[in-house]
Amino acid sequence: MKKSFQLLLIFLLAVSMFLVGCSSKTNEVTGDKKDTVSDSGTKKDTLVYGRGGDSTSLDPITSTEGETFKVTENIFETLIQYGDQDTTINPGLAESWEVTPDGLTYTFKLRQGVKFHDGTDFNAEAVIFNFDRWMNGNADSFPYYTMFGGYKGEKGHVIKEVKAVDDHTVQFVLTRPQAPFLKNLAMSPFGIASPAAVKKYGDKFREHPVGTGPFKFVEWKENDTITLEKNPDYWQKGYPKLNKVIFRVIPENTARLNALANGEIDVMDGLNNSDEATVKANANLQVIERPSMNVGYIGLTTTRKPFDNKLVRQAINFAIDKKSIIDAFYGGKALEAVNPMPPSIEGYNKSIEPYPYDLEKAKQLLKEAGYEKGFETDLWAMPVARPYIPEAQKVAEVIQESLSKIGIKAKIQSVDWATYLEKATKGEFDMFMLGWTGDNGDPDNFLYTLLDKDSIGSNNYSYYSNDQLHEILIKAQTETDQAKRNALYEQAQVIIHDDAPWVPLVHSTPLLAAGKDVVNYLPHPTGSEALTKVEFK
């Protein structure tokens, strides 16, 4: 019996060693077990997403940058959600809604049986808690809430009251109609958070996010990885398909592509246009195009000399050769920008003539402004790849060269991404490179959000203010006839073009790359998508 027992132990040891050999390989990305790779053919269920920069917060209402929303779109959900690849309005945490004929009262029927990740109930009181929290904040704490015209007690604030009709019915009463109200509700920043978690963590909630989404937060290693895991109690049965998602920071686009080719990551954003052919030539990889809804621009801070002078701002518009930038860095997958919003957005003014590349005209305007000999300034370039400007440092060098031809000596500066955004928000830059990916497909989300005086201190980084423009944009928000709204937005673009607070550069078609085995990845024009349906072959 002892001999038989010894033989049995030897047999079991051999089997266990065989199973270890067939089990998951160690993930070179994180050093953890990567459950997605198995010699025995087990289906992958962990997605590693490579991106250029870290999130600045995991509480979406506290941020305005896309790296935050890439992650939070998978943790939180909104009352209304967009279509998989467009900005059509669809049920989200609200199953249905009704609007009164005067456009002042919205009644939402909420989805029943939904739980937050901490096990607490999603209901009308949770919705009220979130909106009360946001409307009692300010532009520093909750910058995106300006989409609703300001904060509680301010003249422009459109939400008069949010109240519960019953546990699963919530009603919004507005002070005036707001045409993009429903589209605004679907924006990433307005993901509904667990009231219990917000109370528990306070200011630290940005590091401990709790929503109702397909994935739950696990861990954040700053400037390295953010790990999410499947929400087993998710209300959409059968989803998500993945067990885990790891967002990994790899600042350089080329290094990110190498990581993809080596199998260290499964998806990457910020693919250089110049690398598209390389990806297509690799049988193990695929190129993914994001539907375009963006603008890349040079901001000119209008409260800082010499950019408080319109003639100087116009001169810079004449001095930059956008075509050469597009030819050099976008591989034909970008349009020259004329206006602050792309031609795909309703209300785009096609009749506005672009500033031509004209150095003599630029010099003439500088002379009229009193800067015949030019001046010295700082040109701030983004430290990370963005969809609208994937190679910011190189583009900055081209702009620097152009400006030197009219006597402007621009010193290229940069700083880490979080500090970059903080400085831009405070109006501390002279000239700076930034961009915008539309949140909801409405012209209001470009013109009002980025260039109205209400948005100074949130998304209006140029600190541009024009009272006439403000009146037009508020009127356009209130107008429910789309044709009349479009006419107002066309007027607004004429004013902006003449005042020139920006140099609009490009509207790009952003590229991503992924392993061939990644399926059902549906890139969204807003720049952030839930990975609910993604899986591996």
Side-chain angles (χ1 to χ4, degrees), residues 60-61 63-70 72-73 78 80-90 143-148 178-191 269-270 289-297 299 333-350 382 386-390 421 433-452 454-455 458-462 473 476-477 482 485-486 488-490 492-493 496 501-502 504-512 522-530:
I61 192 63
S63 184
T64 62
E65 58 86 35
E67 294 301 344
T68 288
F69 304 139
K70 272 191 183 73
T72 61
E73 188 74 11
T78 46
I80 295 169
Q81 62 185 18
Y82 301 126
D84 283 343
Q85 292 193 281
D86 58 36
T87 53
T88 56
I89 294 298
N90 296 274
Y144 249 119
Y145 192 77
T146 56
M147 295 301 297
F148 297 110
Q178 188 186 50
F181 183 71
L182 289 174
K183 283 200 167 188
N184 287 348
L185 288 179
M187 288 165 47
S188 295
F190 305 118
D269 68 358
E289 288 192 5
R290 184 180 300 284
S292 180
M293 192 173 69
N294 63 35
V295 61
Y297 65 87
K333 284 191 164 61
L335 297 173
E336 248 183 86
V338 178
N339 295 316
M341 66 186 204
S344 58
I345 301 291
E346 201 166 3
Y348 181 85
N349 192 329
K350 298 176 183 177
M382 294 176 295
R386 306 305 301 144
Y388 34 78
I389 307 179
L421 291 172
M433 297 170 66
L434 258 176
W436 184 255
T437 298
D439 294 296
N440 62 17
D442 195 276
D444 177 79
N445 182 241
F446 281 85
L447 304 185
Y448 175 79
T449 302
L450 302 178
L451 290 163
D452 188 74
D454 282 351
S455 302
S458 56
N459 294 302
N460 182 350
Y461 300 120
S462 292
L473 293 178
Q477 284 184 353
Q482 192 60 44
R485 288 189 79 215
N486 291 346
L488 290 167
Y489 287 122
E490 288 177 11
Q493 288 162 80
I496 294 165
W502 289 3
L505 288 176
V506 298
H507 307 297
S508 72
T509 299
L511 299 180
L512 301 90
L522 304 173
H524 201 270
T526 60
S528 54
E529 49 273 336

Query raised in the report: What heavy-atom pair brings E346 and P443 nearest, and what distance separates the two atoms?
Result: O-CG, 3.3 Å
Report task. Please confirm whether the backbone N or O of P143 pairs with a side-chain atom of T146, one donor and one acceptor, at under 3.5 Å? Result -> yes
Query - Donor-acceptor contact below 3.5 Å, side chain N294 vs main chain S508 - result: yes
Report task. Spell out, as yes or no, whether a donor-acceptor pair under 3.5 Å connects the side chain of Y82 to the backbone of K183. Result -> yes
Query - Flag side-chain contact, heavy atom, 4.5 Å: F69 against P189 - result: yes
Query raised in the report: Nearest 0.5 Å, what's the CD-CG distance between E67 and L421?
Result: 10.0 Å
Query raised in the report: If we only count heavy atoms from C-beta on, is the Y297 to V506 side-chain gap below 4.5 Å?
Result: no
Query raised in the report: Can you name the nearest heavy-atom pair linking P523 to Q85, along with the distance?
Result: O-NE2, 3.0 Å
Requested in this report: Name all residues meeting the side chain to side chain donor-acceptor pair (under 3.5 Å) criterion together with T526; count only those two or more places apart in sequence or in a different chain, and write none if there are none.
Outcome: H524
Report task. Under the side-chain contact (heavy atoms from CB on, under 4.5 Å) rule, what do L450 and S455 come out as? Steps first, then yes or no, please. Result -> CA-CA 7 Å; L450 302 178; S455 302; over 6 Å; no
Query raised in the report: Charged N to carboxylate O below 4.0 Å: is that the case for K70 and D269?
Result: yes
**Report entry** Gap separating the CG atom of D442 from the CG atom of N184, nearest 0.5 angstrom
**Finding:** 7.5 Å
Query raised in the report: Going through the distances and angles, do N486 and Q482 end up as a side chain to side chain donor-acceptor pair (under 3.5 Å)?
Result: CA-CA 6 Å; N486 291 346; Q482 192 60 44; 2.9 Å; yes
Query raised in the report: Is the closest side-chain heavy-atom distance between P501 and L451 below 4.5 Å?
Result: yes
Requested in this report: For residues I345 and M293, determine if any side-chain heavy atom of one lies less than 4.5 Å from a side-chain heavy atom of the other.
Outcome: yes
Query - Close side-chain approach of D444 and R485, heavy atoms under 4.5 Å - result: yes
Requested in this report: With side-chain contact (heavy atoms from CB on, under 4.5 Å) as the test, would you mind laying out the steps for F190 and Y145 before giving the verdict?
Outcome: CA-CA 8 Å; F190 305 118; Y145 192 77; 4.2 Å; yes
Query - Minimum heavy-atom distance between S292 and S344, given as atom pair plus value - result: O-OG, 3.9 Å
Query raised in the report: Is a donor on one side and an acceptor on the other found under 3.5 Å between the side chain of N445 and the backbone of D439?
Result: yes
Requested in this report: Would you sort out whether Y461 and T64 count as a side-chain contact (heavy atoms from CB on, under 4.5 Å), showing the intermediate values?
Outcome: CA-CA 12 Å; Y461 300 120; T64 62; 3.1 Å; yes
Requested in this report: Look only at the side chain of Q477 and the backbone of P180, and say whether a donor-acceptor pair between them is shorter than 3.5 Å.
Outcome: no
Query raised in the report: Can you find a heavy atom in the side chain of I80 that is under 4.5 Å from one in the side chain of F181?
Result: no
**Report entry** Evaluation steps, side-chain contact (heavy atoms from CB on, under 4.5 Å), between N459 and Y448
**Finding:** CA-CA 9 Å; N459 294 302; Y448 175 79; over 6 Å; no
Report summary line: Tightest non-hydrogen contact, residues R386 and M382, listed as CG-SD, 3.5 Å
Report task. Decide yes or no for V295 and W502: does some side-chain heavy atom of the first lie under 4.5 Å from some side-chain heavy atom of the second? Result -> yes
Counting only pairs under 3.5 Å, give me each side-chain donor-acceptor contact of residues 333-341, with atom names and distances, residues two or more places apart or in other chains.
unit_1: K333; atom_1: NZ; unit_2: E276; atom_2: OE1; d: 3.2
unit_1: K333; atom_1: NZ; unit_2: E276; atom_2: OE2; d: 3.3
unit_1: N339; atom_1: ND2; unit_2: N349; atom_2: O; d: 3.0
unit_1: N339; atom_1: ND2; unit_2: Q493; atom_2: OE1; d: 3.3

Report task. Drop me the distance from T78's OG1 to E73's CD, to the nearest 0.5 angstrom. Result -> 6.5 Å
Query raised in the report: Does a salt bridge link E529 with R290, judged by any charged N lying under 4.0 Å from a carboxylate O?
Result: yes
**Report entry** Spatial distance of atom CG (L185) from atom CD (Q81) [nearest 0.5 Å]
**Finding:** 13.0 Å
Report task. Not counting sequence neighbours, which residues clear side chain to side chain donor-acceptor pair (under 3.5 Å) with D452? List them please. Result -> H470
